[in-house]
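Every chain is numbered from 1 and lettered A, B, ... according to where its sequence line falls, protein lines coming before strand lines. The basis for the numbers below is simple: all heavy atoms, side chains too, and nothing from hydrogens, waters or symmetry mates.
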2 protein chains.
Amino acid sequence: MEIQHQDLSYEIYKRLKAMILANEFEAGAKLKQEQIASMFGVSRMPLHRAFQMLENEMLIESIPRRGYFVTKINANQLIDAFECREALEGVAARRAAQNITKDQLEYLKSLFEKFIGAQEINVPEYLESDQEFHNMIMKISGNQILNRLELLGNNTIRTFRGGLLRPPRETLPEHLGILAAIEKGDGELAEKLIREHTHKSMETLRERNKK
Amino acid sequence: MEIQHQDLSYEIYKRLKAMILANEFEAGAKLKQEQIASMFGVSRMPLHRAFQMLENEMLIESIPRRGYFVTKINANQLIDAFECREALEGVAARRAAQNITKDQLEYLKSLFEKFIGAQEINVPEYLESDQEFHNMIMKISGNQILNRLELLGNNTIRTFRGGLLRPPRETLPEHLGILAAIEKGDGELAEKLIREHTHKSMETLRERNKK
DNA sequence: ATATTGTATTTTGTATACAATTTAATCTAT
DNA sequence: ATAGATTAAATTGTATACAAAATACAATAT
């Protein structure tokens, strides 16, 4: 399993992506090629591919002959992404209910086990399980197209950088419900539940951004 | 409105995309950089961006240090894309029902007017209206993320290169029903109808590929 | 004949080089 | 001083150049 992607580009892509998601650049900041190149000790050539990967994921924007700029996170865009994700997670959950293996099911269960009946829930820990849960359902669905839509994931990450949208007390039972439906192999129900779940989170996001 | 995209890359991208969708390359064929470059009378540099755009749209695949290869159209992939599209068109139709303007509505109606009550329907003409209808609903939704998911569009194009999945007698009333729901501003119904509509087409595709 | 190794050729990935365009800095006119 | 024009510096896009890797080919051994 020796994927080396384009030798330098992929490494640069990963590093820049991490930096952008960690808000190490100002929103709208220009990524000067020469500067980034010398930062990584390479020429400008391998940057092009890295930049374009980031552009494809909507993390940066290209203005021809002007340069690449870190995209300003826009509330509407996050909502748009959530709306797409709501629908696509429905697709994913339905198929996951059909395809899931014993091991995968165990793994999903393990993500939330420690929080069940807990007096106090560690939020960052829960947040990670939450995101992993949703990502894994996408993976398990086996839909190859779904798993290429990185930009949805990025926008989700950016949303949750502000913390949970809703408290675990509210979402934990929902997660367990979805899981139960998947375990039963009831794709219809799994789809319905995950859509309601993600929809509620989206509504919370929408409310928050109204003020 | 002077978008010049990266000067040469975009032009090359468009030309190559058209060629690929017109099946002018064999499936799995390698796109040798030097060869393509001299074909367009440019160096290999502007190709990189063009290639990557095509890669993002799943029209070609990159294998590092090996090259770029025209992706073999795989039935499962088309079905996966359709499945995503079903869900996303639902999102689009729901929002379109809220956002649509008088002019946009008129335009959508005009697409199918000539086919209503017609004795004989020109299939290529109908096919074009059909695709335009679905694409416009995506646009009208105003969801910016939706409209970046080019790869779904490409896979749809490839599906319909084989002609209509279902006869106009069947799909025309469905299209008109969706349109009516949008006109009423009934997003719920529009979503339900377009999902059923696209789902039926997907099932047809699935059946066809079983044999 | 087939398989395997070593060599030559091709092709990709990256670096450097240069032209075109954009950004900044300077100068002039009101 | 401020606005507009003019020039200088910086930055991007593309071409050429070169090194590393992959493919094709030939030679040897089985």
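- Distance B:L31 CG to C:dG13 C1': 17 Å, rounded to the nearest Å.
- Atom CD in B:E34 sits roughly 20 Å away from atom P in D:dA21 (whole-Å rounding).
- You'll find the side chain of A:E183 reaches within 4.5 Å of the side chain of A:L105, heavy atoms only.
- Judged purely by distance below 3.5 Å, without hydrogens or angles, the side chains of B:N155 and B:Q77 pair a donor atom with an acceptor atom.
- Applying the 4.0 Å criterion to OP1 and OP2 of C:dG13, one finds that B:Q33 has a side-chain N or O inside that range.
- For the OP1/OP2 pair of D:dG13 and a distance below 4.0 Å, the side-chain nitrogens and oxygens of B:S43 include no atom meeting the criterion.
- Nearest nucleotide to the B:R65 side chain, out of D:dT14, D:dT12, D:dA22: D:dA22.
- Contact check, A:R66 against C:dT23: a side-chain N or O comes under 4.0 Å of OP1 or OP2.
- Between B:K30 and A:M45, it is A:M45 whose nearest contact on DNA chain D lies nearer the 5' terminus.
- Rounding to whole angstrom units, CZ of residue A:F51 and P of D:dT11 are separated by 13 Å.
- Atom NE2 in B:H48 sits about 14 Å away from atom C1' in D:dG13, given to the nearest Å.
- The nearest whole Å value for the distance from the CG atom in A:L47 to the P atom in D:dT12 is 10 Å.
- Here D:dT11 is the nucleotide among C:dT14, D:dA15, D:dT11 with the atom lying nearest to any side-chain atom of A:K32.
- Distance CD (B:Q52) to P (C:dG13): 11 Å, rounded to an integer number of Å.
- Across the protein-nucleic acid pair, B:I63 atom CD1 and C:dG13 atom C1' stand 16 Å apart, rounded to whole Å.
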What verdict does the salt bridge (charged side-chain N to carboxylate O under 4.0 Å, His left out) test give for A:R95 and B:D80, after you've listed the backbone C-alpha separation in whole Å, the side-chain angles of each residue and the deciding distance to 0.1 Å?
CA-CA 11 Å; A:R95 266 177 62 162; B:D80 286 358; 3.0 Å; yes
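- Put simply, the side chain of A:R44 and the base of D:dG13 share a donor and an acceptor less than 3.5 Å apart.
- Between the CD atom of B:Q35 and the P atom of C:dT12 there is a distance of 10 Å, rounded to whole Å.
- A donor-acceptor contact under 3.5 angstrom links the side chains of B:N154 and B:K17, judged on distance only.
- More than 12 heavy atoms of other residues, nucleotides or ligands sit less than 6.0 Å from atom CZ of A:R166.
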